[in-house]
Structure formats: C-alpha cells, structure tokens
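Reviewing the structure listed below.
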Amino acid sequence: MTSGPRLYAMVYAALLFLLGATFVIARVDLGAFNTVAALAIAWLKMGLVVAYFMHLRDADRLDAMLFASGFVMLLFVLLALTLGDYFGRVWLAG
Amino acid sequence: MKGDGMAESTRAFAEQFDDPLQQKEAAQAGMWVFLVTEVLFFGALLTAYTVYRHLYPAAFREASRRTDLALGSINTAVLLTSSFTMALCVHAAKTGRRAALVALLALTMALGAGFLAIKGVEWAREIHEHLLPGPSFEFPSAYPGEAGRQAQLFFVLYFVMTGVHALHLVIGIVLLGVLAFFAALGRYRSDYYTPVEVAGLYWHFVDIVWIFLYPLLYLVGGPR
C-alpha cells in the first residue's frame with residue numbers, strides 16, 4: 001500500500017484529528033508550551049502531507065534532497081541567524 | 001537515435017530527454033526547486049513574524065484574539081480536504097479515469113474557492129472592525145502606550161501573509177482549471193499525467209503554508 005485512496009483517506013483522517021488536537025490544546029493555558037505544541041503539530045501535519053500526498057516517501061533522492069535544502073536554508077540560514085541577532089541583543093544590553 | 005524515423009514521430013517526450021521517465025523526473029525536480037524558493041519567500045515573512053512576536057508578545061497575543069478562530073479553523077479543514085481531493089486527482093490521473101479526474105479537479109477548485117470566500121468574510125469583518133493597518137486602524141487595548149502600534153504590526157503581518165497565501169491559492173485554482181480543461185479533452189493518460197502530479201505538489205505546498213499560518217495567526221492568543 002504505497003499510495004491510493006485508502007491510504008489518502010487515512011492520512012486525511014489523521015490531518016483532521018491533528019487539527020482538532022491543536023484547536024483543543026490552544027484552549028488550555030499551558031504557557032509557553034502552547035506555542036511548542038501548536039508548532040509541533042504543524043510540523044507533524046506538514047510531514048504527513050509531504051510524505052504521503054506529495055509522495056516524497058516514494059520520490060527519488062534528488063527531490064528529497066531539494067526538500068531538505070529548503071528547510072536547511074529556512075531554519076538555519078534565515079531563522080537561526082536572524083534570531084541569533086535579535087535574541088542576542090538582549091544579552092549584550094544586559 | 002536521429003536516423004530512427006519511427007521513434008522521432010511517435011515520441012511522447014521532448015527531444016532533450018532520453019526517455020519519458022527522465023522528462024517526468026525533470027518536471028518534478030523543477031517543481032521542487034520552485035517550492036524551495038517558495039519556502040524562502042514565506043520564510044522571510046515567518047522570520048519577521050517570529051522577531052516581532054518575540055519583541056511584543058503581549059500585543060501579539062491580544063491582537064491574535066481578534067482573529068476569527070471559528071472561521072479560521074473551518075478554513076483549515078476546508079484546505080486539508082482540498083489536499084485530500086488533490087491527492088485523489090493524481091490517483092485518478094494515474095489510473096486513467098478521465099471523468100473522475102475532471103470531477104475531482106472541479107471539486108478541489110470548489111474547495112479552494114470556498115476557502116477564499118470564507119477568508120473574504122473574515123477580511124471584511126476585520127476591515128469593518130478597523131483592524132486593517134493604516135489611518136483607520138483602531139485597537140482598544142488593555143495595555144497603554146505602544147500596544148496599539150505593536151498590535152498594528154501583527155495585523156500588517158496577518159494581512160500580508162494571508163493575502164499572499166490567498167494569491168497563491170488563486171493561482172492554484174486557475175492552474176487546476178487549465179488542467180481540468182485538458183483532462184476533459186483527454187490529454188492525460190495513465191502513462192502521461194505529469195502536469196497533474198506537478199500541479200498537485202504546488203497545491204499541497206499552498207496547503208502546508210496554511211498549516212503553519214493557522215497556529216501562528218489564530219492560536220497564539222491562547223484561551224479566549
């Protein structure tokens with residue numbers, strides 16, 4: 001069962017379950033953990049869409065590498081370096 | 001290959017490729033490269049959001065509570081459903097079921113249009129409530145001083161991010177319309193459906209962008 005309507009339906013059900021979960025968790029005050037949980041669920045949903053709907057699980061290695069490169073650039077170059085600057089200013093000021 | 005007249009006249013792929021599989025893989029890789037640039041495009045907005053939310057956490061929480069959580073959540077479900085039907089489109093194309101493909105493409109387009117309609121209702125309501133950044137922006141805040149300006153920044157990001165996402169969705173709907181037209185003419189067969197597959201990648205990507213916008217814009221307010 002690499003792909004097909006049955007698998008897609010299961011992934012779709014999982015996505016809706018995760019949407020419900022993120023909605024319910026957001027209604028409970030968990031402090032900073034609210035954001036962590038919301039983003040963790042978003043990453044999980046993305047993983048399901050990419051692996052099963054976009055067939056990255058069965059795609060060739062070039063596509064997987066391109067996908068990975070996008071996230072390396074986003075997370076490490078764009079986010080990490082920019083946030084390192086903004087978050088680091090507080091330490092310098094202190 | 002040049003002297004082979006039969007192969008020249010019946011080939012179903014462009015001459016720069018060795019075989020149909022290589023052409024298909026090139027098309028897929030091309031879409032993935034484009035999606036990487038799209039990750040960075042939306043990534044810049046996400047970075048701006050992260051920086052300002054870090055700087056003004058209280059104002060962002062309060063501003064986020066003014067978004068329409070019910071409509072936003074329904075819209076997330078609508079878009080996830082459209083991704084499901086898009087995956088079924090690709091499967092219908094792969095198995096060579098032309099009528100099912102056209103119907104599923106139309107259904108996916110309808111779900112995308114439904115998302116835009118709900119988004120339009122939200123925007124209209126927010127503009128009516130003076131939440132559109134600009135001279136008419138009004139934000140009664142429990143926090144004195146700069147909180148209004150900081151909340152305005154949240155809504156700048158909100159309108160730009162949801163606006164650019166909606167633009168991507170409009171492009172996706174037009175794309176699927178073109179595919180539906182050609183699918184109805186019978187251009188796609190079980191051995192050639194690359195355009196459907198590649199458009200599917202784009203559609204799922206637009207869905208993924210929303211998967212991140214939903215918690216960042218609607219859920220940061222915490223319990224309402």
Side-chain angles (χ1 to χ4, degrees), chain A residues 3-5 7-9 11-13 15-16 18-20 22-23 25-32 34-35 37-50 52-56 59-60 62-71 73-75 77-79 81-83 85-87 90, chain B residues 25-26 28-40 42-44 46-48 50-55 57 69-70 72-73 76-77 80-81 83-88 90-92 94-95 197 200-205 207-209 211-216 218-224:
Chain A
S3 63
L7 180 67
Y8 295 148
V11 172
Y12 174 52
L15 287 170
L16 287 185
L18 287 172
L19 169 62
T22 197
F23 182 82
I25 291 171
R27 298 184 86 82
V28 186
D29 195 355
L30 301 168
N34 273 117
T35 307
L39 284 178
I41 289 176
W43 279 95
L44 206 59
K45 281 158 89 178
M46 184 197 73
L48 286 172
V49 172
V50 167
Y52 295 101
F53 285 172
M54 297 171 89
H55 304 122
L56 198 69
D60 54 52
L62 175 65
D63 294 345
M65 211 175 69
L66 286 169
F67 170 78
S69 76
F71 282 90
M73 286 196 273
L74 172 67
L75 289 176
V77 180
L78 203 57
L79 268 174
L81 292 181
T82 310
L83 298 185
D85 175 9
Y86 277 94
F87 291 19
V90 182
Chain B
E25 284 173 352
Q28 283 177 327
M31 181 47 89
W32 279 106
V33 170
F34 172 65
L35 294 184
V36 169
T37 70
E38 289 276 80
V39 166
L40 295 178
F42 283 100
L46 289 175
T47 306
T50 311
V51 166
Y52 286 113
R53 184 175 155 195
H54 171 72
L55 291 175
L69 180 61
S73 305
T76 310
L80 289 174
T81 308
S83 250
F84 174 51
T85 59
M86 185 71 235
L88 294 179
V90 177
H91 187 262
K94 193 178 184 177
T95 47
E197 202 167 23
L201 290 178
Y202 174 82
W203 190 273
H204 294 309
F205 172 81
D207 184 28
I208 286 170
V209 171
I211 284 175
F212 282 94
L213 293 189
Y214 169 66
L216 293 178
Y218 292 85
L219 299 180
V220 284
R224 308 194 183 199

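The structure presented is a predicted model; accordingly, all values stated were derived computationally and were not measured. Here is how names work: the chains are called A, B, and so on, in the same order as the sequence lines, proteins then strands, and each is numbered from 1.
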Applying a strict 4.5 Å limit to non-hydrogen atoms, the region of B/Phe42 in contact with chain A is neither
Is it the case that the ring center of A/Phe67 lies less than 6.0 angstrom away from the ring center of A/Phe71? yes
For this session: Report yes if the side chains of B/His54 and A/Leu83 come closer than 4.5 Å at any heavy-atom pair, otherwise no.
Result: no
Counting heavy-atom pairs under 4.5 angstrom with chain B, the leader among A/Leu19, A/Val49, A/Leu15 is A/Leu19
Whatever's closer than 4.5 Å to a heavy atom in chain A on B/Thr37 counts as neither
Most heavy-atom pairs under 4.5 Å with chain B, out of A/Leu78, A/Leu16, A/Asn34, belong to A/Leu78
Side chain to side chain contact (heavy atoms under 4.5 Å, CB included) filter on A/Leu75, not counting sequence neighbours, yields A/Trp43, A/Leu79
Turns out that what part of B/Val33 lies under 4.5 Å from chain A's heavy atoms comes down to both
Answer key: most heavy-atom pairs under 4.5 Å with chain A among B/Met31, B/His91, B/Glu25 is B/His91
Honestly, the part of A/Thr82 sitting under 4.5 Å from a heavy atom of chain B is side chain
Cut-off 4.5 Å, heavy atoms of chain A, and the answer for B/Leu80 is both
Per-residue tally against chain B (heavy atom, under 4.5 Å) across A/Gly20, A/Pro5, A/Gly70 peaks at A/Pro5
Under 4.5 Å to a heavy atom of chain A? For B/His204 that would be both
Taken in chain and number order and not counting sequence neighbours, the residues that satisfy salt bridge (Lys or Arg N to Asp or Glu O under 4.0 Å) with B/Glu38 are none
Looking only at A/Val11, A/Ile25, A/Asp63, most heavy-atom pairs under 4.5 Å shared with chain B are made by A/Asp63
Bottom line for B/Leu35: the part with an atom under 4.5 Å from chain A's heavy atoms is side chain
Query raised in the report: Heavy-atom distance under 4.5 Å between the side chains of B/Leu219 and A/Thr35, does that happen here?
Result: no
query = Looking at side-chain heavy atoms only, is the closest gap between A/Leu18 and A/Leu48 below 4.5 Å?
reply = yes
Of A/Ala38, A/Ala59, A/Ala9, A/Ser69, the largest count of non-hydrogen pairs under 4.5 angstrom with chain B goes to A/Ala9
Self-check item: Side chain to side chain, A/Phe23 and B/Thr76, heavy atoms closer than 4.5 Å
Solution: no
Turns out that what part of A/Asp29 lies under 4.5 Å from chain B's heavy atoms comes down to both
Greatest number of non-hydrogen atom pairs under 4.5 angstrom with chain A, of B/Thr81, B/Asp207, B/Val39, falls to B/Thr81
B/Leu88 side chain near A/Phe53 side chain, heavy-atom distance below 4.5 Å
no
task: Specify whether B/Tyr202 and B/Phe34 have parallel, tilted or perpendicular ring planes, treating 30° as the upper limit for parallel and 60° as the lower limit for perpendicular.
output: parallel
One should read off an interatomic distance between B/Phe205 CZ and B/Trp32 CH2, to the nearest 0.5 angstrom, of 10.0 Å
